[in-house]
Asks: 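The following block contains the structure, expressed as structure tokens.
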Amino acid sequence: MYGFDLVIKNGTIIDGTRFPRFRSDIGIRDGKIARIGHIADPGSARVVDAAGLIVAPGHIDTHTHYDAQIFWDPTCSNAGENGITTVVTGNCGFGFAPVHVRDRERAMLMMETTEQVPAIQMQTALPWSWETFPELVEAMRRTPKAVNLTMFLPLNAVMFYVMGEDAKHRRPTAAEVDTIKGLIHEAMDAGACGLSLSFMGHENNHVDVDGSPMPTDIMHPDDAVAMACALKDRQEGIIQVISQIGPVGDRRISEKLARETGRPILHNVFSVSEYTPDLHRQSMAWLDAMNEEEGVEMYAATVICRAWNETELFNSPGCSLDALDVYRELTFCKDPADKRAKLLDPEFRRRFNESYDPVMFEATAGGLADYTVIGMGEGSNDAMDYLGKTLGEIAAAEGKSEVDAFIDTALESDLRIELKTPGIAIDPAKVADLLSNGRVLAGASDGGAHTKNFSGGQWTTDLILWLVRDNDFLSLEEMHYRLSYQPARAMGIKNRGALLEGMAADILVYDLDELYFDQDRFDVVHDQPGGDWRRKARAGGYRHIFVNGEQTFERDRPVGATPGVYLGDTVSRPQIARAA
């Protein structure tokens, strides 16, 4: 009588709401969950037998940079095969709209220096059928997708669009602020989920094409508020702001935006620390005070997975060390001979040693002492004894600082050294403690960015394995709430994130014992435009992944379906009141 398209039979349902697990069938019709309960006669529906398997909602990733990759990779790999069924792009104030036609090349080069998306890939495969944000939304709607997607409006792109290069050198005029607010309204009408910006000053590897800070990183806080008040005027939209990376940053901009706009803030980014064991508790106390004492609505994103970086120092730029001005000089040396000359310069070595502080990097890649040498290049026979050793071990054995060990091994390898950092998070007890706070979101992939150093789309699988299966810190009920319904509620994503009747059928079917994450090495795969390469974690193991009721993956293999949709209102909303 129900006319189902798909029936999942006999599964153990973990519905994403923290409700205790239960055995049931699920009937799906027209991409939505039509029935949860016993289904005696599936009729002509496809039937998936989930006996002995977990049936759970698809994961939601609130922090990605798939803005370009979505155009050539419908699955946003390695997110799609790891159960992520909805991604949020346009984070940190970086993106591709609005962009004047004359500035397209600059926008691609900027994304290469800020998020290390290789420009050659974008130059080869971005269709550039848009200029404005609404036009980009329409391009996203038309693009075949195996995941759902929504976007922040990136404030850096807006400031460049209105002010040009002046955006980095002066404050906007009142007329320019009004123009920017108009573009924010236009983007929200088109389906943006909110506004994003980075506010990290100079302690930041999100740098412009010339190595200088991006406009929002150094803008006046009052200007950020004036622009963001467009969301206050219309009483909708969330503000994603990255003003903290672990122990580094200035959270006052998040506080100011929360107080003066009244809009929800997605503050980035909390981490756990081995150098400062109570760092996460300090962060939680601040977040609680903002919500409970100040009365604002604020959530915090995290980086708390076990993923690492693999850095071929001079073949995959964009490592976390770029947060140091002195190291950035090395990155922006394009000629290997110039890089070698700089490494041989005693003054450069002195400045590097003086400015280096390992605490700066614990939220991204850890300190240099914990980097392990995993490659020295072909023909470096005299240097092969370094393989498998950390820079700290080399430094101790040779009586030098970790910075000097780093420089000297790079020179020994003829600049072909390859290093593996420790995992971003080490202690699962600290991670579980951080996730005990109801306003802390479980994490994010940074997917689509830093692809020659890093792979993060497996973070959801990693947390299920690390905190649930292997260490029993969280229940599956709690973890799936953290990976689905909680981020949906925080982001204002409606009708997704839980297995409830009437909600979208974004569904995972899996055996907990079959999930995996190989922490040995990343694979190097040549699957990007023009045959370019990236690093990709070996992770996954889900039996079936469904997006809007249609299967997208079976045991790590994409089936070719592209049922993903752009999430956002499809009509403008002129009825929303706006300030004159």
Side-chain angles (χ1 to χ4, degrees), residues 1-61 80-86 145-148 460-461 464 468 475-489 493-515 540-559 561-565 567:
M1 70 182 279
Y2 288 97
F4 300 120
D5 303 312
L6 170 70
V7 172
I8 302 173
K9 292 282 291 181
N10 305 313
T12 298
I13 311 299
I14 297 180
D15 70 9
T17 69
R18 293 178 167 147
F19 192 80
R21 66 191 72 185
F22 57 97
R23 286 272 307 273
S24 186
D25 305 332
I26 298 181
I28 292 115
R29 183 177 60 244
D30 297 331
K32 296 184 181 298
I33 297 170
R35 176 170 170 78
I36 298 177
H38 178 62
I39 299 174
D41 181 11
S44 61
R46 177 192 173 188
V47 176
V48 172
D49 184 4
L53 303 177
I54 301 296
V55 181
H59 310 316
I60 294 175
D61 192 342
E81 63 266 44
N82 279 282
I84 293 171
T85 56
T86 296
K145 298 174 288 297
V147 296
N148 306 304
T460 54
T461 304
I464 291 172
V468 179
S475 68
L476 266 181
E477 286 86 346
E478 179 69 19
M479 181 53 74
H480 278 293
Y481 167 75
R482 293 293 190 158
L483 299 179
S484 57
Y485 202 38
Q486 184 198 28
R489 293 292 300 275
I493 297 173
K494 299 176 182 178
N495 302 318
R496 293 182 192 270
L499 302 185
L500 301 171
E501 291 183 359
M503 297 190 77
D506 299 338
I507 301 175
L508 315 178
V509 180
Y510 69 92
D511 181 333
L512 185 57
D513 290 333
E514 293 177 355
L515 299 187
Y542 298 86
R543 292 275 188 98
H544 307 278
I545 299 173
F546 299 92
V547 174
N548 297 310
E550 190 170 343
Q551 185 160 0
T552 55
F553 280 87
E554 183 167 1
R555 295 183 183 272
D556 299 336
R557 295 188 304 274
V559 302
T562 54
V565 298
L567 305 179

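When reading the values below, keep in mind they use all heavy atoms of this one structure, side chains included, and skip hydrogens, waters and symmetry mates.
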Asks: Donor-acceptor pair, Asn495 side chain versus Met503 backbone, under 3.5 Å?
Replies: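 The answer is no, because no donor-acceptor pair under 3.5 Å joins these two groups.
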
Asks: Say you draw a straight line from OG of Ser475 to CD1 of Ile14; how long is it, rounded to the nearest 0.5 Å?
Replies: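 Between Ser475 OG and Ile14 CD1, I get 7.5 Å after rounding to 0.5 Å.
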
Asks: Honestly, is Arg18 close enough over Tyr481, meaning NZ or CZ under 6.0 Å from the six-membered ring centre and within 45° of the axis?
Replies: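 Relative to the ring axis of Tyr481, which defines the angle, Arg18 lies inside both limits.
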
Asks: Give a yes or no on whether a salt bridge exists between Glu514 and Arg555, defined as a side-chain N under 4.0 angstrom from a carboxylate O.
Replies: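 Salt bridge: yes.
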
Asks: Taking all heavy atoms of Gly497 and all of Ile60, pick out the closest pair and write down the distance.
Replies: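 Reported closest heavy-atom pair: CA-CD1, 4.2 Å.
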
Asks: Kindly compute the distance separating CD1 (Ile493) from OH (Tyr485), expressed to the nearest 0.5 Å.
Replies: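 Result: 12.5 Å between the selected atoms.
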
Asks: Under 3.5 Å, side chain of Asp5 to main-chain N/O of Asp30, donor-acceptor pair present?
Replies: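 Flag set: sc Asp5 to bb Asp30 pair under 3.5 Å.
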
Asks: Testing the basics here: between Arg29 and Gly3, what is the closest heavy-atom pair and its distance to 0.1 Å?
Replies: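 In terms of heavy atoms, the two residues are closest at CD-O, 3.5 Å.
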
Asks: Does Asn148 use its side chain to pair, donor to acceptor, with the backbone of Gly564 at less than 3.5 Å?
Replies: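 No: the side chain of Asn148 does not pair with the backbone of Gly564.
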
Asks: Mind running salt bridge (charged side-chain N to carboxylate O under 4.0 Å, His left out) on Glu477 and Arg21 for me, showing each step along the way?
Replies: CA-CA 7 Å; Glu477 286 86 346; Arg21 66 191 72 185; 2.8 Å; yes

Asks: Are any non-hydrogen side-chain atoms of His59 and Ile464 less than 4.5 angstrom apart?
Replies: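 Side-chain contact under 4.5 Å: yes.
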
Asks: Output, in order, the C-alpha distance, side-chain angles, deciding distance and verdict of side chain to side chain contact (heavy atoms under 4.5 Å, CB included) for Ile507 and Ile545.
Replies: CA-CA 6 Å; Ile507 301 175; Ile545 299 173; over 6 Å; no

Asks: Do Ile28 and Val7 have side chains that approach each other closer than 4.5 Å (heavy atoms only, starting at C-beta)?
Replies: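 No, every pair of side-chain atoms sits at 4.5 Å or beyond.
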
Asks: Check this for me, if you would: do Lys9 and Asp49 make a salt bridge, where the nitrogen-to-carboxylate-oxygen distance has to be below 4.0 angstrom?
Replies: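 Between Asp49 and Lys9 there is no salt bridge, as every charged N stays at least 4.0 Å from the carboxylate O atoms.
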
Asks: Looking only at heavy atoms, which two atoms of Gly541 and Asp556 are closest? And how far apart?
Replies: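 That closest heavy-atom pairing would be N-OD1, 2.8 Å.
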
Asks: Which heavy atom of Thr17 sits nearest to which heavy atom of Ala498, and what is that distance?
Replies: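 Shortest heavy-atom contact: CG2-CB, 3.9 Å.
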
Asks: So Leu483 and Met479, side chain to side chain contact (heavy atoms under 4.5 Å, CB included) or not? Walk me through it.
Replies: CA-CA 6 Å; Leu483 299 179; Met479 181 53 74; 3.8 Å; yes

Asks: Tell me whether Glu501 contacts the main-chain N or O of Ile36 through its side chain, where contact means a donor paired with an acceptor under 3.5 Å.
Replies: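 Checked: pair present.
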
Asks: Which pair of heavy atoms, one from Tyr542 and one from Glu81, lies closest together, and at what distance?
Replies: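 Nearest heavy atoms, Tyr542 then Glu81: CD1-O, 3.4 Å.
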
Asks: Before accepting this row, confirm whether a basic side-chain N of the pair Arg496/Asp506 lies closer than 4.0 Å to the acidic partner's carboxylate O.
Replies: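 Asp506 and Arg496: salt-bridged.
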
Asks: Under the side chain to side chain contact (heavy atoms under 4.5 Å, CB included) rule, what do Leu567 and Thr86 come out as? Steps first, then yes or no, please.
Replies: CA-CA 9 Å; Leu567 305 179; Thr86 296; 3.7 Å; yes

Asks: Just wondering, do Arg23 and Asn10 contact through their side chains at under 4.5 Å, heavy atoms?
Replies: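 Yes. Closest side-chain heavy atoms under 4.5 Å.
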
Asks: Quick one: pull up CG in Asp25 and CD1 in Ile39 and give me the separation to the nearest 0.5 Å.
Replies: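 It comes to 5.0 Å.
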
Asks: Short question: side chain of Thr562, backbone of Ala146 - any donor-acceptor pair under 3.5 Å?
Replies: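 Flag not set: sc Thr562 to bb Ala146 has no pair under 3.5 Å.
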
Asks: If we ignore hydrogens and angles and just use 3.5 Å, is the side chain of Arg35 paired with the main-chain N or O of His38 as donor and acceptor?
Replies: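 Yes: the side chain of Arg35 pairs with the backbone of His38.
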
Asks: Would you give the length of the straight line joining atom CG of Leu512 to atom OH of Tyr510, rounded to the nearest 0.5 angstrom?
Replies: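 Here the rounded value is 5.5 Å.
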
Asks: CG/Asn82 to CG/Asp61 distance, rounded to the nearest 0.5 angstrom?
Replies: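 That separation rounds to 10.5 Å.
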
Asks: How far does CD1 of Ile54 sit from CZ of Arg543, to the nearest 0.5 angstrom?
Replies: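 Spacing of CD1 (Ile54) from CZ (Arg543) equals 11.5 Å.
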
Asks: Does atom CZ (Arg489) have a neighbourhood of more than 12 heavy atoms from anything else shown, all under 6.0 Å?
Replies: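 No, not enclosed.
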
Asks: Taking the side chain as everything from C-beta on, heavy atoms only, tell me whether Thr552 gets closer than 4.5 Å to Pro563.
Replies: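 A side-chain contact under 4.5 Å exists here.
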
Asks: Between the side chains of His544 and Gln551, does any donor sit under 3.5 Å from an acceptor?
Replies: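 Present: a donor and an acceptor within the cut-off.
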
Asks: Between Ser24 (side chain only) and Gly37 (backbone N and O only), is there a donor and an acceptor less than 3.5 Å apart?
Replies: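 At least one qualifying donor-acceptor pair exists.
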
Asks: Looking at Gly58 and Thr85, what are the two nearest heavy atoms and their distance?
Replies: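 Result for this residue pair: CA-OG1, 3.3 Å.
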
Asks: When you compare the side chain of Ile33 with that of Leu500, does any pair of heavy atoms fall below 4.5 Å?
Replies: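 SC-SC contact between Leu500 and Ile33 ruled out.
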
Asks: Checking Thr12 against Val55 for the side chain to side chain contact (heavy atoms under 4.5 Å, CB included) test, could you report, in this order, the C-alpha distance in whole Å, the side-chain angles of both residues, the deciding distance, and whether it holds?
Replies: CA-CA 6 Å; Thr12 298; Val55 181; over 6 Å; no

